[in-house]
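Take a look at the structure below.
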Amino acid sequence: QVQLVESGGGLVQAGGSLRLSCAADRRAFSSFAMGWFRQPPGKEREFVAAITWSGGSTYYADSMKGRFTISRDNAKNTVYLQMNSLKPEDTAVYYCAVSPYVNDLYRPVNYDYWGQGPQVTVSS
């Protein structure tokens with residue numbers, strides 16, 4: 001079992017910033033890709049961003065490009081999601097997840113373990 005502990009959610013005004021963190025079990029972290037997904041109220045879970053195990057490649061959903069940045073610190077077993085220029089439509093529960101795959105990291109089915117999902121609320 002892989003433990004993922006997220007932090008950094010909360011309430012922010014439109015145009016503001018938040019940084020989410022996801023601390024992972026040491027056994028898993030440095031060998032696997034990590035991703036962030038979100039689930040807006042009443043909607044399906046959707047891909048936000050992903051990063052390969054080395055951090056050498058990152059991937060973003062189109063609506064997040066230029067506003068969100070995914071990064072990881074393997075020495076701290078932590079992956080981050082820096083979110084800038086937040087909009088009310090970014091309101092969602094955000095999940096980090098671990099993937100043993102190197103391709104198709106936008107697909108939730110390719111992730112084996114998930115965090116608990118902190119709430120991010122962006123007010124207008």
Look up atom [atom1] in [X] and atom [atom2] in [Y], then write down how far apart they are to the nearest 0.5 Å.
X	Y	atom1	atom2	value
Leu105	Phe32	CG	CZ	12.5 Å
Tyr60	Phe68	OH	CZ	10.5 Å
Tyr80	Asp73	OH	CG	5.0 Å
Thr69	Asn84	OG1	CG	6.5 Å
Met64	Trp36	CE	CH2	12.5 Å
Cys96	Glu6	SG	CD	4.0 Å

For Gln119 and Thr91: C-alpha separation, side-chain torsions, deciding distance, then whether side chain to side chain contact (heavy atoms under 4.5 Å, CB included) applies. CA-CA 8 Å; Gln119 174 72 44; Thr91 295; 3.8 Å; yes
Test your reading of the model: is there a side-chain donor-acceptor pair from [X] to the backbone of [Y], 3.5 Å cut-off?
X	Y	answer
Asn74	Trp53	yes
Arg67	Ser85	yes
Asn110	Asp104	yes

Stepwise side chain to side chain contact (heavy atoms under 4.5 Å, CB included) check, Val98 with Asp112: CA-CA 6 Å; Val98 178; Asp112 292 340; 5.7 Å; no
Verdict with reasoning, Val79 to Ile70, per side chain to side chain contact (heavy atoms under 4.5 Å, CB included): CA-CA 7 Å; Val79 63; Ile70 188 172; 3.9 Å; yes
Check whether any side-chain heavy atom of Thr52 lies under 4.5 Å from a side-chain heavy atom of Tyr59, and answer yes or no.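 They are in contact (side-chain heavy atoms under 4.5 Å apart), so the answer is yes.
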Can you tell if the side chain of Pro40 reaches within under 4.5 Å of the side chain of Glu89, non-hydrogen atoms only?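 Answer no - side chains too far apart.
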Begin from the C-alpha positions of Met83 and Tyr94 and carry the test side chain to side chain contact (heavy atoms under 4.5 Å, CB included) through to its verdict. CA-CA 11 Å; Met83 305 185 291; Tyr94 283 71; 3.7 Å; yes
So, using ring-ring contact (aromatic ring centres under 6.0 Å, His included) as the criterion, who are the partners of Phe37 when residues are at least two apart?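 Only Phe47, Tyr111, Trp114 meet the ring-ring contact (aromatic ring centres under 6.0 Å, His included) criterion with Phe37.
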Testing the basics here: between [X] and [Y], what is the closest heavy-atom pair and its distance to 0.1 Å?
X	Y	result
Gln116	Leu4	OE1-O, 3.6 Å
Ser17	Gln82	CB-NE2, 3.9 Å
Thr78	Ser21	CG2-CB, 4.2 Å

Applying salt bridge (Lys or Arg N to Asp or Glu O under 4.0 Å), which residue pairs with at least one partner in residues 43-63 are found, sequence neighbours left out?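 Pairs touching residues 43-63 that pass the test: Arg38-Glu46, Asp62-Lys65.
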Quick check on side-chain contact (heavy atoms from CB on, under 4.5 Å): which of Ile51, Leu18, Val120, Leu20 does Leu81 satisfy it with?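 Of Ile51, Leu18, Val120, Leu20, side-chain contact (heavy atoms from CB on, under 4.5 Å) with Leu81 is met by Leu20 alone.
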